[in-house]
Amino acid sequence: QVQLVESGGGLVQPGGSLRLSCAASESIFIIYAMGWYRQAPGKQRELVATIDSGGITNYADSVKGRFTISRDNAKNTVYLQMNSLKPEDTAVYYCNADIFIILTGSRRDYWGQGTQVTVSS
């Protein structure tokens, strides 16, 4: 069973940086795309950034130029480098992956448990 585990969240001052990572637990699959979503209290979950198998990235306008998504296919891991963090970036960040399981022939989205990012002075 595929599991996604996020790490790297924490408390940081405005203008600071954090690097989130998300690792998939299994390797016998094809990851078509991975991404990060976030959900702040009282708000809907929103897309932050995605990266597909070809390395094509997509960013929310609110983070473009500040955040960088990348992936290490050998490690089945996606990263989110967050620079120039703002208080409004405070949210629970969730890793997402569109995964095809070769053994079963199934494809679906998987979600991590979330990691808290708090930007506060």
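This is a predicted model, so every value here is computed, not measured.
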Contact check, side chains of Arg45 and Asn96, non-hydrogen atoms, under 4.5 Å: no
Co-membership, hydrophobic cluster, residues Tyr94 and Leu80, 4.5 Å side-chain: no
Heavy-atom check, side chain of Gln113 versus side chain of Glu6, under 4.5 Å: yes
Audit row: Tyr110, Ile31, side chain to side chain contact (heavy atoms under 4.5 Å, CB included) steps and yes/no: CA-CA 10 Å; Tyr110 291 83; Ile31 302 177; over 6 Å; no
Side-chain donor or acceptor of Ser121 paired with backbone N/O of Gln13 under 3.5 Å: no
Option passing side chain to side chain contact (heavy atoms under 4.5 Å, CB included) with Phe67 (candidates Leu20, Asp89, Leu18): Asp89
Spacing of CZ belonging to Phe100 relative to CZ belonging to Arg108, to within rounding of 0.5 Å: 14.0 Å
Straight-line distance of Gln81 CD to Ile69 CD1, nearest 0.5 Å: 12.0 Å
Same apolar cluster (I L V M F W Y, side chains within < 4.5 Å links), Val63/Val117: yes
Gln39 to Gln44 - nearest heavy-atom pair and separation: CG-C, 4.1 Å
Point-to-point distance, once rounded to the nearest 0.5 Å, from CG of Leu47 to OH of Tyr59: 11.0 Å
Ser84 to Arg66 - nearest heavy-atom pair and separation: O-NH1, 2.9 Å
Val78 with Val92, same ILVMFWY side-chain cluster at under 4.5 Å: no
For the student: nearest non-hydrogen atoms of Ala97 and Met34, plus distance: CB-CG, 4.0 Å
ILVMFWY network linking Trp36 to Leu4, side-chain heavy atoms under 4.5 angstrom: yes
Minimum-distance pair of heavy atoms, taken over all atoms of Tyr79 and Ser21: CD2-CB, 3.6 Å
Heavy-atom side-chain contact between Leu11 and Ser120 under 4.5 Å: yes
Euclidean distance, Arg71 CZ relative to Thr50 OG1, rounded to 0.5 Å: 10.5 Å
Flag, side chain of Thr77 to backbone of Lys75, donor-acceptor distance under 3.5 Å: yes
Ile30 CD1 to Ile99 CD1 distance, which is reported to the nearest 0.5 Å: 11.0 Å
